[in-house]
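Data block below; observations after.
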Number of protein chains: 2
Amino acid sequence: MIDINEILNAKDYCHQFVKKDFAKGETITSYIEKRKQIFIMLSGEAALIRYDEKGNKDIVDFFREGSVFGEAFYNVYLNSELSVVATKKCSCLSIMYDDIVRKCDPRCKYHEELTSTLINLLFENTTHLNSRIEVISKRTIREKLHIYLETLSIESYSNKVTIPFSLTDLADFLSVNRSAMMRELKALEDDRIIQKVGKNTYRLLYR
Amino acid sequence: MIDINEILNAKDYCHQFVKKDFAKGETITSYIEKRKQIFIMLSGEAALIRYDEKGNKDIVDFFREGSVFGEAFYNVYLNSELSVVATKKCSCLSIMYDDIVRKCDPRCKYHEELTSTLINLLFENTTHLNSRIEVISKRTIREKLHIYLETLSIESYSNKVTIPFSLTDLADFLSVNRSAMMRELKALEDDRIIQKVGKNTYRLLYR
DNA sequence: ACAAAATTGTTGCTTTTGCAACAATTATTA
DNA sequence: TAATAATTGTTGCAAAAGCAACAATTTTGT
């Protein structure tokens, strides 16, 4: 697994890494221009939120421990505004892209650890994004729910899964209409494919 | 921009990188188990294809120069089979994950270059995946087409854009029904938002 | 502990999308 | 270059999803 402490150790030697804490509700960063800023979530949770012209908010992504985010990974030329807002108290490490490759000091051996840690994080992140595409590219809400729950189940080695956020947010995450999703969740229950066993917790009946 | 030659130079010193050429139609790799194999596309084009139970094929992703792919980025536990198939003659570099971080030889200074090149590639790749999610998470086919064409337009600094693959493949890429997409493409023309100016080439009329 | 806010649950109606089938056009290759 | 395959274009109908509105329940903040 990823050892974020390596990066924190590096921080003691390099002044190029800035650790910052945020309270719930605070804006961590806004994607305004394609600067080369990278954030690594050390603890807590945040959401990437889009505000469109009419002021409607829409959740684009969720970040948690180990997530990598920032303008550096986004084509920010599209008109709507993207902001990362802490959904729980959280702490992030901010690094400028150029500081990753360029060594601060020939003696700084922590840069090496940083790069391998970062590669690990980027690998995990890529896998996560591929899974997400896998889910949202399904054609029907039923299939999206099904593969989403199945993935949760496999990851937790259990046929009992708890959706890690509200159903309202899940609808956003799957990019479907919430009430249509509720309807389909009900249909999956009626068809004995899943069984509700608690708030936002379901048992998959076919495995 | 990414300099893939750095990796090729490294190859002269490390025996851990394998360059391989593939003819059109050849299978480059199949995602069977989560081994830690990584591929970097040096030239040419390939597609990640899923074959479901019924033998239907479905294009999951497209790879081109600079694309990073492989089992290492996929949760391969889902039942359907994923294969990367060359859509044009192409050449790929294959690396095992463990060989990236672990140096082959203390004198091998190319490993350092490899890591920074790989970080660059992973950055570009992450941006690409985020853009893709941006597109397919739109609720309607019209919006998907719109943002997809707009992104192409911005990337090419032109309001005249050519879709880089067939419309059949585009429907797969946007994960929508092809005929529904054709209908919507027509509607965008009728509404004077786009104008067809050649095979798979459109002019965006609103910029 | 209570009021306010957020989330979950539900429904009827409308719009969009998928599906299937087929014709027309363009590419491929023997 | 002829025939074969692939892609593009089009349509009617069925299924799915979106939307809006509201009630019920749970959570949150003071």
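Labels below follow one simple rule: chain letters A, B, ... track the order of the sequence lines, proteins then strands, and each chain is numbered from 1. These figures come from a predicted structure and were not determined experimentally.
- Considering only heavy atoms from C-beta on, A:Y148 comes within 4.5 Å of A:F173 through its side chain.
- With distances taken from any side-chain atom of A:A180 to the nucleotides C:dA20, C:dT8, D:dA17, the minimum falls on D:dA17.
- At whole-Å resolution of the value, NZ in B:K144 and P in D:dG18 are 9 Å apart.
- B:R178 comes within 4.0 angstrom of a nucleotide base, judged by non-hydrogen atoms across all strands.
- OP1 or OP2 of C:dT8 sits under 4.0 Å from a side-chain N or O of A:K199.
- Between the CD1 atom of A:I141 and the C1' atom of C:dT15 there is a distance of 14 Å, given to the nearest Å.
- A:T201 and A:T162 share a donor-acceptor pair across their side chains, judged by distance under 3.5 Å alone.
- Of the candidates D:dT11, C:dG18, D:dA17, the closest approach to any side-chain atom of B:N177 belongs to C:dG18.
- Regarding A:M181, its CE atom lies at a distance of 17 Å from the C1' atom of C:dT11, rounded to whole Å.
- The phosphate of C:dG9 has neither OP1 nor OP2 within less than 4.0 Å of any side-chain N or O from A:K186.
- Distances shorter than 4.0 Å separate none of the side-chain N or O atoms of A:S166 from OP1 or OP2 on C:dA6.
- Ranked by how close their nearest DNA chain C nucleotide is to the 5' end, A:R183 and B:V176 are led by A:R183.
- What separates CE of B:M182 from C1' of C:dC19 is a distance of 16 Å, to the nearest Å.
- Nearest nucleotide to the A:T140 side chain, out of D:dG12, D:dA16, D:dT8: D:dA16.
- Summarising the geometry, the separation between CG on A:L185 and C1' on D:dA16 is reported as 16 Å, rounded to the nearest angstrom.
- Among the heavy atoms of the strands lying under 4.0 Å from B:K196 are primed sugar atoms or P, OP1, OP2 only; no base atom is included.
- Computed from coordinates, the B:L174 CG to C:dT16 P distance equals 18 Å when rounded to whole Å.
- Two residues, A:S179 and B:S179, neighbour DNA chain C, and the one matched to the more 5' nucleotide by heavy-atom proximity is A:S179.
- Not counting sequence neighbours, B:H128 has no partner by the ring-ring contact (aromatic ring centres under 6.0 Å, His included) test.
- Taking the side chain as every heavy atom from C-beta outward, B:T151 and B:I147 approach each other to under 4.5 Å.
- Residues B:F165 and B:N200 come closest through the heavy atom pair O-ND2, 3.3 Å.
- Phosphate proximity of C:dT8 to A:T168: present, with a side-chain N or O under 4.0 Å from OP1 or OP2.
- Following rounding to the nearest Å, A:E143 (CD) and C:dC19 (P) show an atom-to-atom distance of 9 Å.
- Enclosure of atom NZ in A:K196 by more than 12 non-hydrogen atoms of other residues, nucleotides or ligands within 6.0 angstrom is indicated.
- For B:N200 and D:dT7, the shortest distance from a side-chain N or O to OP1 or OP2 is not below 4.0 Å.
- The nearest whole Å value for the distance from the NZ atom in B:K138 to the C1' atom in C:dT17 is 18 Å.
- At a threshold of 4.0 angstrom between heavy atoms, the contacts of B:R142 with the nucleic acid are absent.
- Between A:S175 and B:F165, the residue anchored closer to the 5' end of DNA chain D is B:F165, taking for each the nucleotide with the nearest heavy atom.
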